[in-house]
Structures are given as C-alpha cells and as structure tokens.
Protein chains: 2
Amino acid sequence: MQDGEAEDLALLFKALADPVRVKLLNLIATAGEACACDFPAAVGKSQPTTSHHLSLLVKAGLLHREQRGKWAWFWVDQDRLGALRAALD
Amino acid sequence: MQDGEAEDLALLFKALADPVRVKLLNLIATAGEACACDFPAAVGKSQPTTSHHLSLLVKAGLLHREQRGKWAWFWVDQDRLGALRAALD
DNA sequence: AATACATTTCGAACATCATCGATATGATCT
DNA sequence: AGATCATATCGATGATGTTCGAAATGTATT
C-alpha cells in the first residue's frame, strides 16, 4: 500500500471520526437530501458547530452542497461513500 | 439513529483516522497475521509509536493480539470490520 | 436600499492526539 | 539468576480538533 493511499483513506475516515458528523451523514443519507436549517436541533449542537462539521464533510467529498433560496441543501456523494466501502476489503 | 450508536461508529472511524493505523490494518489484513517486530520498519515510525497505534486498534476491537514466545502477533477481527462495512449502508 | 433571516468565518478556550526518548515490563535462553 | 531481546508505559512537546459567541457574508422580500 502506497503512502499516499493510506493518507487519503485516513482523511476519509477522519471525516467520520466524530459523532456529530456520523449523525449528519446518516441523517442526510436516509433522507436523500436535507436542509441545513434542521441540523442544529437534530444533532444538539450550535449552528456554527454544525456548519463547521458540514464543511468538513463537504471538503472530504462525502457531501454535496447547493444553495436553494435562503437555505443550503446537502446530499451524499455515493461514489465517495463507495470508495470508503471498497477500502474495507 | 441513537446517540450511542453514532458514538460507537465514530470511535471505529477514529481508530482508522490516521495513516499509520490504516497501513497497519492493511498490512495485517493482507498478511492474515503479522508480528509486531516488522511494523516499525514497515510504517516508518519508532517502536513506541507503532506500539501506541497497535494498542488503539486493539482497543477499538479491530485487531486481536497474542503473545507467541518473544513476539506479539496480530490479526484482524473480521466481525468488527464487518460492522464498519455494514454501517456504510 | 433597507430589513430580516440563514449560513459561514473569526477568535479564543479547552481537549485530544501523534510522536519520540527514556524507562519499565515481559519473554526466552544459558 | 543473569543476560538479552521484544514490547509497553511514562513524560513531555508540538500539532490538531471541537466548541461556541460574536461578527461578517450571503440571500430573499418589501
């Protein structure tokens, strides 16, 4: 296994190495897509904190973000999630 | 999703949120089982550092450890790895 | 353009983590 | 028991991560 591959994988795992982010991904994955406005209540954290975790998930490529009017919507990048699954074999 | 479930999953992901631990798990998984004596050279870290990472993987339940004479041997807990795979669906 | 609301960025406090040298513990052999 | 080698623990340091209040930015509506 190459150094670079291990680092890329570690970055993906790190993106999910927090309960808040696990909950967020689960929420969005099961809903198909979801509005940022619901997250603070759903995960029990402040609005800036949830925004921070969302941006980490987007940066890791696990989520996509789109502005729709006043609200921001998120959905899961299935390919990227598939890369994680594939890595566990 | 329950709070406890998200925390357990986050702990599993956190266990792999470091390139050294990704390499170690990959090494051990592909070899079937492996001796701790080879790890410092394989991952390019000191002996205390690799020992630290191994203990984290064992604590997370992803590895098993057994003393065989002078050396310690490790192998992957497939059930625990399967739990990770299952979580990504 | 002015207001209102949603979201991100900033700044700082606090906690956790990675790393390694030094030391301690455990295991084998003579 | 003493010597030797493998591994774990300790102590410390520098880096990284989580959290939130406050302020800045973006978006729509009037």
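- Residue B:Lys45 places none of its side-chain N or O atoms closer than 4.0 Å to OP1 or OP2 of C:dA18.
- Using a 4.0 Å cut-off between charged nitrogen and carboxylate oxygen, B:Lys23 and A:Glu5 do not count as a salt-bridge pair.
- One finds a side-chain N or O of A:Arg21 lying less than 4.0 angstrom from the OP1 or OP2 phosphate oxygen of D:dT18.
- Spacing between atom CH2 of A:Trp73 and atom P of C:dA6 amounts to 14 Å, rounded to whole angstrom units.
- Both A:Leu56 and A:Lys70 lie close to DNA chain D; mapped to their nearest nucleotides by heavy-atom distance, the more 5′-ward contact belongs to A:Leu56.
- In the interface, the side chain of A:Gln47 is not paired with the base of C:dA6 through any donor and acceptor atom under 3.5 Å apart.
- If you check C:dT7, C:dA18, D:dG17 against the side chain of B:His53, the one that comes closest is C:dA18.
- When the side-chain nitrogen and oxygen atoms of B:Arg68 are compared with OP1 and OP2 of D:dA6, none of them lie within a distance under 4.0 Å.
- One atom, CG of B:Leu24, and another, P of D:dT7, lie 13 Å apart when rounded to the nearest Å.
- Mapping A:Lys14 and A:Gln67 onto DNA chain D by nearest heavy atom places A:Lys14 at the nucleotide closer to the 5' end.
- B:Asp18 and A:Lys14 are not joined by a salt bridge, as no carboxylate oxygen comes within less than 4.0 angstrom of a charged side-chain nitrogen.
- With rounding to whole Å, B:Arg65 atom CZ is found 8 Å from D:dT7 atom P.
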